Amino acid sequence: MKIHEIMTRDAHAVGLNESVGEAAQRMADRDLGFLPVVDGDRVVGILTDRDIVTRAVAPGRADQCYVRDIMTSPAETCGPDETVEATVRKMGDQQLRRMPVVDPDNKIAGVVSLADLARIGNATQTAAVFQKVVRQAGEHNQRAFHHTTFGN
């Protein structure tokens with residue numbers, strides 16, 4: 001099975017030069033915890049609700065920074081013609097719950113998530129990724145997973 005068969009096609013994105021407040025509002029309006037970051041129409045990073053909290057709100061920078069200041073870059077992506085199995089391995093290895101799907105020109109085509117994997121009914125694959133993504137209590141460290149543009 002290919003990623004284009006299970007991905008969410010209606011992917012919302014945020015611009016590189018948008019304010020953190022605009023991005024947070026878009027996430028709140030659409031009930032999202034993740035947005036691909038685009039420069040024009042090319043994916044250049046990702047932004048999560050956790051990025052906003054830990055890199056902008058907690059340090060008191062939310063009013064003074066833009067998405068480019070706190071995003072995770074580069075974005076780990078997959079292609080629409082990749083197999084579900086290959087993407088599952090990549091998500092597990094990189095400890096990702098969601099991943100932008102990009103075309104050969106690095107333009108956003110959709111998003112694939114653990115929920116998409118669960119919808120296809122392959123509990124074994126979903127569980128394998130989930131076990132790699134979710135670590136034992138006390139071991140979670142946001143900095144261990146993300147390399148940011150400002151060296152967090």
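From a predicted model like this one, the values you see are computed outputs, not experimental measurements.
Taking D81 as the reference, nothing meets the side-chain hydrogen bond (donor to acceptor under 3.5 Å, both in side chains) condition, with sequence neighbours excluded. With sequence neighbours left out, the side chain to side chain contact (heavy atoms under 4.5 Å, CB included) criterion links A24 to I52. Residues forming a side-chain hydrogen bond (donor to acceptor under 3.5 Å, both in side chains) with E76 (at least two apart in sequence, or on another chain): none. For D105, the side chain to side chain contact (heavy atoms under 4.5 Å, CB included) test picks out D103, K107, with sequence neighbours left out. With sequence neighbours excluded, the residues satisfying side-chain hydrogen bond (donor to acceptor under 3.5 Å, both in side chains) with D29 are Q25. Residues satisfying the side chain to side chain contact (heavy atoms under 4.5 Å, CB included) test with A56, not counting sequence neighbours, are V20, A62, C65, I70.
I108 and I3 fall into different hydrophobic clusters, where Ile, Leu, Val, Met, Phe, Trp and Tyr residues are linked whenever their side-chain heavy atoms come under 4.5 Å apart, directly or through other members. Note on V14: it clusters hydrophobically with L32, by side-chain heavy-atom contacts below 4.5 Å among ILVMFWY residues. Follow the hydrophobic side-chain contacts under 4.5 Å out from M71 and you never reach V102; the two are in separate clusters.
Annotation: salt bridge (charged side-chain N to carboxylate O under 4.0 Å, His left out) contacts involving residues 13-28, sequence neighbours excluded, comprise E18-R26. Listed by first and then second residue, the side chain to side chain donor-acceptor pair (under 3.5 Å) pairs that reach into residues 1-10 are T8-D116, sequence neighbours excluded.
Here the side chains of S113 and F34 are not in contact, with every heavy-atom distance at 4.5 Å or above. For the pair R98 and V112, the minimum side-chain heavy-atom distance is 4.5 Å or more. Between M1 and I6, the closest side-chain pair of non-hydrogen atoms falls below 4.5 Å.
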Begin with the C-alpha distance, continue with both residues' side-chain angles, and end with the deciding distance and a verdict on side-chain contact (heavy atoms from CB on, under 4.5 Å) for V88 and L117. CA-CA 8 Å; V88 163; L117 296 172; 3.8 Å; yes

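Judged by distance alone, with hydrogens and angles left aside, the side-chain atoms of K90 form a donor-acceptor pair with the main-chain N or O of T77 at under 3.5 Å.
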Identify all side-chain donor-acceptor contacts of residues 35-46 below 3.5 Å with residues at least two apart in sequence or on another chain.
none

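Side chains of T72 and R55: a donor on one and an acceptor on the other come within 3.5 Å.
In terms of heavy-atom proximity, M7 sits nearest to V101 at SD-CG1, 3.6 Å. Across all their heavy atoms, M99 and T87 have their closest contact at SD-CG2, 4.2 Å.
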